[in-house]
Amino acid sequence: MPQSPSEAVFEWAQPQTLPGDAPIYMSERYQSLFAAQDASEARLLLCRTGNQVAWLPLLVRKVGDGIHEAYSAYGYGGLFGGLTLTDECVHGLRAFLYDAGIVALFLRHSPFLVNQLLVPSHLTRLNRITYAATLQGKSTFTDYLAGMPQKLRWSANYAMRAGLTVAFHPLTEFKHDKILAFYRQYTALMAAKGTSDYYRFSESFFLEHARRLGNDCELAEVTDSEGQFLAGAFFLLDRSGWVHYHLSAASKKSMKLQGMELLMLSALHRYGQRGFTSLHLGGGHALDESDGLSRFKSKFADRKLEFHCSAVVCDLDAYERERNRLPLAHSSFFLISDARGIPPTSKYVSFARPA
């Protein structure tokens, strides 16, 4: 591939150069968490044109001899900064990645940053709708519920009358037993749903959330009147004022008793009280919002955001050759490793538990 005429400069940067107000998804702590999960390498790419800069966190995974692909970690990513890439800049980016042996790039943009606008529109595709709620600083949970729609008030009151309570545990406290209770519920839920192997995260993976993310990650748990764990969710906290609904699991009993509604309303109240401005609930399963998860999340939201993805081939010959080298289980998937359907060998099998 010839060198790009673009004036944009691209170089690998140290993780500490990422601005402190970047989303937690882009932080070295979060990136390294999923790099270990995916058997990938976490890298930070610095993009510069004149006085304008942007950072691009990436996971880089080997898929063949001298062949790699780069992608956004599970969650959200894309560019962070004041630089908007032109088509000429994208040409320079492709050339830089080509020289690094990276044949393909897949970006999961961040709806709460609207950073899909930082790349040419013809490179982005709308994947689904996500939901966000503006947080309020009501003094009591009762006051907060009073301002909610009647159906949500009914759900919360029903759950509380049934003896359900919600507690939040900052992971700096490392509630080992709480995390393991969540892990058991999460594992059971994934098995019941027949979820793909990638999302059947290990016990060590959840324990690593505590070690790596600490006070910027909280576990909310729903328990019954006897203290039995019924449901839970991890929330990620940003210094920019955003909170993110991360991973969750609920028993059938909890759902019947409106436990997840109580959990979500409790989270909206808690984080509003703590001075956060918005909670990002993520999206559902279907772009047309017809699925149950979309309907659940939309009940708590006052905004809809667009989640876009970008797929860029940096070396077409090597990309096609590597896709054809081994059988593909999911030929419609862009990334070679995803198309092969072979789960990566997670490094978590050798991780020691935090003390």
Side-chain angles (χ1 to χ4, degrees), residues 24 112 130-173 175 177-179 181-182 185-186 189 215-284 289 292-305:
I24 191 171
F112 43 89
T130 71
Y131 307 95
T134 302
L135 301 180
Q136 306 171 19
K138 294 290 185 181
S139 58
T140 68
F141 189 52
T142 300
D143 291 340
Y144 177 72
L145 285 183
M148 289 291 102
Q150 190 274 334
K151 287 185 178 180
L152 289 178
R153 288 201 308 275
W154 179 89
S155 293
N157 289 324
Y158 183 88
M160 290 187 289
R161 284 196 301 271
L164 272 56
T165 58
V166 180
F168 290 82
H169 306 287
L171 294 192
T172 44
E173 301 172 3
K175 298 287 188 177
D177 58 331
K178 306 294 186 184
I179 296 174
F182 175 86
Q185 185 62 65
Y186 180 88
L189 181 63
N215 206 41
D216 292 327
C217 183
E218 295 191 341
L219 172 62
E221 68 163 348
V222 179
T223 54
D224 63 16
S225 57
E226 298 179 350
Q228 179 183 0
F229 182 96
L230 297 183
F234 281 86
F235 289 89
L236 305 178
L237 315 182
D238 267 353
R239 296 175 186 174
S240 63
W242 281 85
V243 179
H244 306 275
Y245 184 52
H246 180 42
L247 293 166
S248 65
S251 65
K252 290 183 179 179
K253 179 179 179 181
S254 173
M255 291 185 283
K256 180 179 179 180
L257 296 177
Q258 309 293 302
M260 290 305 290
E261 283 79 0
L262 180 61
L263 183 152
M264 191 59 69
L265 289 168
S266 298
L268 291 168
H269 175 255
R270 171 182 175 81
Y271 296 120
Q273 285 288 97
R274 293 182 58 186
F276 290 93
T277 57
S278 299
L279 193 152
H280 187 239
L281 295 97
E289 306 177 76
L293 185 58
S294 293
R295 292 193 298 271
F296 171 77
K297 291 182 176 181
S298 66
K299 292 191 298 185
F300 307 95
D302 56 17
R303 282 172 284 163
K304 292 184 179 182
L305 307 175

Write down the atom of [X], the atom of [Y], and the distance for their closest heavy-atom approach.
X	Y	result
Ser139	Gln273	O-NE2, 3.5 Å
Arg270	Pro170	NH2-CG, 4.4 Å
Phe234	Cys217	CD2-SG, 3.4 Å
Gln185	Leu230	OE1-O, 3.9 Å
Leu135	Gly272	CB-CA, 3.8 Å
Ala233	Ser248	CB-CB, 3.8 Å

Look at the rings of [X] and [Y] and say which category their plane angle falls in: under 30° parallel, 30 to 60° tilted, over 60° perpendicular.
X	Y	answer
Phe168	Tyr271	perpendicular
Trp242	Phe112	tilted
Phe229	Phe182	perpendicular

| request: Give the C-alpha distance, both sets of side-chain angles, the deciding distance and a yes or no for side-chain contact (heavy atoms from CB on, under 4.5 Å) between Leu219 and Leu171. | output: CA-CA 7 Å; Leu219 172 62; Leu171 294 192; 4.1 Å; yes
Inter-residue atom distance [X].[atom1] - [Y].[atom2], 0.5 Å rounding:
X	Y	atom1	atom2	answer
His280	Phe235	NE2	CZ	13.0 Å
Met148	Ser155	CE	OG	12.0 Å
Ser254	Glu221	OG	CD	11.5 Å
Leu247	Leu236	CG	CG	8.0 Å
Leu237	His246	CG	NE2	11.5 Å
Arg239	Asp216	CZ	CG	6.0 Å

| message | Under a 3.5 Å cutoff, is there a donor and acceptor pairing between the side chains of Ser294 and Glu289? | response |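 No pair is found: no donor N or O on one side chain lies under 3.5 Å from an acceptor on the other.
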Check for a donor-acceptor pair, side chain of [X] on one end and backbone N or O of [Y] on the other, with a separation under 3.5 Å.
X	Y	answer
Thr277	Gly241	yes
Lys297	Leu281	yes
Asp238	Ser240	no
Asn215	Thr172	no

| request: I would like to know whether Ser278 and Arg303 meet side-chain contact (heavy atoms from CB on, under 4.5 Å); could you show each step before the answer? | output: CA-CA 10 Å; Ser278 299; Arg303 282 172 284 163; 2.9 Å; yes
Side-chain donor/acceptor pairs under 3.5 Å, residues 261-269, sequence neighbours excluded:
{"residue": "Glu261", "atom": "OE2", "partner": "Lys299", "partner atom": "NZ", "Å": "3.0"}
{"residue": "Ser266", "atom": "OG", "partner": "Leu262", "partner atom": "O", "Å": "2.7"}
{"residue": "His269", "atom": "NE2", "partner": "Lys138", "partner atom": "O", "Å": "3.4"}
{"residue": "His269", "atom": "NE2", "partner": "Thr140", "partner atom": "O", "Å": "3.4"}
{"residue": "His269", "atom": "NE2", "partner": "Phe141", "partner atom": "N", "Å": "3.4"}

